[in-house]
2 protein chains.
Amino acid sequence: MPSDRPLAERLLEGDRRALARAITLVENEDPEGYEVVRAVYPKTGRAAIMGLTGAPGAGKSTLIGALTKLRRAQGREVGVLSIDPSSPFTHGAVLGDRIRLSEHFLDPGVFIRSMATRGALGGLAEAALQTALLMDAAGKDDVFLETVGVGQAEVDIIDHADTVVLALMPGSGDSIQALKAGVMEIPDVIVVNKKDHPLTDTMVREIRGVLSLGPKQAWRVPVLTTEASRGEGVEDLADAIDKHRAHIREEGTLEERRRRNLRNEVLELATVRLRRKLHEQLDDPEVEKLLDEVVKRRLDPASAASKLLERET
Amino acid sequence: MPSDRPLAERLLEGDRRALARAITLVENEDPEGYEVVRAVYPKTGRAAIMGLTGAPGAGKSTLIGALTKLRRAQGREVGVLSIDPSSPFTHGAVLGDRIRLSEHFLDPGVFIRSMATRGALGGLAEAALQTALLMDAAGKDDVFLETVGVGQAEVDIIDHADTVVLALMPGSGDSIQALKAGVMEIPDVIVVNKKDHPLTDTMVREIRGVLSLGPKQAWRVPVLTTEASRGEGVEDLADAIDKHRAHIREEGTLEERRRRNLRNEVLELATVRLRRKLHEQLDDPEVEKLLDEVVKRRLDPASAASKLLERET
């Protein structure tokens with residue numbers, strides 16, 4: 001009976017159910033989940049981790065679906081982690097996106113998982129990295145992390161990737177402006193996913209214009225066009241991702257990038273735990289009284305924070 | 001000599017230089033700055049705090065300029081805090097935005113300050129709130145907080161506002177998608193700042209369509225159009241802001257909102273300090289060794305975080 005053997009052992013053999021179970025544990029912040037990650041961690045670092053970001057509607061799921069198909073044809077195993085925003089408007093639309101991946105649901109070489117964005121405690125980036133590590137350990141050659149938007153939480157997730165791809169569609173004026181203003185970090189690859197749209201060429205020129213203003217880098221960010229629903233341009237995109245990875249590996253920056261990411265991850269994990277401990281104090285009547293003083297303008301926020309921290313130690 | 005008197009005292013009298021000095025202290029995280037905030041805090045809570053957000057290029061600075069002009073004509077004093085992203089591309093463009101406020105630079109009833117976004121330590125939201133409190137204490141009737149984008153840092157800043165206004169321009173497809181997907185929180189007022197653009201009407205309809213899908217709220221988010229460079233529609237915008245404030249005051253939600261914001265602020269201040277303490281440890285050779293173990297895949301990130309926290313206590 002395989003279930004009698006340790007979860008970590010089964011996961012390392014690529015057992016799907018073991019992987020699914022371990023991710024659930026990590027997502028629920030179950031200590032057993034961290035145990036599994038701890039056990040398999042020495043076996044990680046092999047997968048190519050690609051982070052895909054972009055506004056909702058940019059066609060990220062379709063791109064991931066097309067890339068998955070291509071990687072499978074190349075004989076590679078794929079893990080996908082999609083981060084779903086919790087919309088007050090249309091849960092349906094987001095779930096609809098997932099359906100575009102459905103042709104891969106039954107393929108044993110593809111493992112798909114989605115997580116909903118959570119509250120402000122910042123546990124998501126933590127769970128996302130742990131999940132990427134588990135997929136890596138389970139033998140996925142490619143791990144795709146898909147997130148929406150340009151918020152800090154998304155950036156934290158994307159930061160775990162070796163290669164960051166930004167998906168834009170014609171009309172993504174805000175994203176281009178955000179890129180230009182430095183609100184959004186410069187990705188490694190940019191893809192405009194509506195090859196046939198009349199505004200696509202203008203858009204590509206505009207993006208190249210913005211990029212040309214930036215500092216000269218050894219890696220020139222390619223701007224590609226795809227029509228992912230028909231698989232067009234997807235091979236070029238996969239090539240660009242491979243080339244970027246080869247580039248940073250040759251330059252020694254893959255090592256450096258991973259070092260920086262892991263270092264940030266450790267700090268982030270520590271901060272999340274500290275914040276959680278602070279939040280747990282909020283139910284304490286004494287802390288409630290402290291906050292009341294702030295609301296009544298008798299105690300300023302910074303002094304209240306100091307008092308809160310004094311309690312902590 | 002006024003400079004012999006305490007900074008807080010002079011600030012409460014509306015002394016500009018005292019206000020400027022206090023903000024610099026707060027921005028530099030000088031303990032004296034917190035002292036001033038502590039001293040003036042009981043006198044705060046009077047100003048109407050408006051947060052304006054939106055992608056770069058949406059015309060936020062022009063809108064703030066026009067609103068400032070209007071408020072001055074109404075006999076109100078205005079404080080403006082602009083958060084500038086640090087762009088790798090065009091510092092010039094952002095500084096150019098500031099110039100749109102230049103007609104108010106010499107008006108003693110207007111106080112303008114800008115801050116650059118900083119690193120990941122999260123000190124910006126902290127400094128921004130302290131600055132808003134100082135402007136409030138110095139007698140500004142209106143405090144405008146201007147930030148770019150929809151990242152968490154920006155949301156944290158905007159969260160200090162009584163009323164949040166989202167500025168969009170025709171072509172802001174990404175922002176509308178972000179709103180729809182729940183990546184962006186629903187603002188209190190939406191303004192499309194290109195009245196004459198051929199796509200403006202379509203855009204307004206689109207936004208109303210998205211809003212109509214949402215949960216029914218007591219406050220119906222108005223969608224306005226302006227041409228701020230000519231002052232058109234700005235009166236309606238100011239009216240909408242006033243109405244929103246009157247609404248939340250009547251409903252009792254102004255109190256509730258401020259309570260929630262101050263509570264979050266205390267937690268955020270405490271978290272920032274804890275994170276800073278963690279960062280200070282990074283130079284420690286022992287911690288460096290710990291991180292090395294993680295990079296070499298001998299120690300997993302979560303265990304390293306635990307060890308880091310153990311050192312802390």
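Labels below follow one simple rule: chain letters A, B, ... track the order of the sequence lines, proteins then strands, and each chain is numbered from 1. Note that these values count all heavy atoms, side chains included, but never hydrogens, waters or copies made by symmetry.
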Here the pair of heavy atoms bringing Q130(B) nearest to A302(A) is NE2-CB, 4.2 Å

Quick one: list whatever passes salt bridge (Lys or Arg N to Asp or Glu O under 4.0 Å) with E255(B), sequence neighbours left out.
none

Looking only at heavy atoms, the pair that brings A270(A) and A305(B) closest together is N-CB, 3.8 Å

Rounded distance (nearest 0.5 Å) linking atom CG of L278(B) with atom CG of L274(A)
5.5 Å

Check each atom of L291(B) against the heavy atoms of chain A and say whether the ones under 4.5 Å are side chain, backbone, both or neither.
side chain

With a 4.0 Å cut-off, would you call R259(A) and E288(B) a salt bridge?
yes

Mind checking the NZ-OG1 spacing from K277(A) to T271(B)? Nearest 0.5 Å is all I need.
12.5 Å

Among K296(B), R298(B), R273(B), which residue forms the greatest number of heavy-atom pairs with chain A at distances under 4.5 Å?
R273(B)

Is any side-chain heavy atom of V294(B) closer than 4.5 Å to one of E265(A)?
no

T44(B) portion near chain A, given a 4.5 angstrom heavy-atom threshold:
both

Side chain, backbone, both or neither: which part of R38(B) has an atom under 4.5 Å from a heavy atom of chain A?
both

Distance from D292(A) atom CG to L262(B) atom CG, nearest 0.5 Å?
11.0 Å

Answer yes or no: is there a side-chain heavy-atom contact under 4.5 Å between R275(B) and L267(A)?
no

Sequence-distant partners of L254(B), side chain to side chain contact (heavy atoms under 4.5 Å, CB included), two or more places apart
D162(B), R245(B), I248(B), R249(B), R258(B)

Do the side chains of S303(B) and Y34(A) get nearer than 4.5 Å, heavy atoms only?
no

Non-hydrogen side-chain atoms of E268(B) and P301(A) separated by less than 4.5 Å
no

Answer yes or no: is there an ion pair linking R263(B) with E293(A), defined by an N-O contact shorter than 4.0 Å?
no

What do the steps show when you test R297(B) against K43(A) for side chain to side chain contact (heavy atoms under 4.5 Å, CB included), and what is the final call?
CA-CA 8 Å; R297(B) 310 263 163 182; K43(A) 308 284 187 190; over 6 Å; no

Given heavy-atom pairs under 4.5 angstrom as the criterion, report whether the side chain, backbone, both or neither of L299(B) touches chain A.
backbone

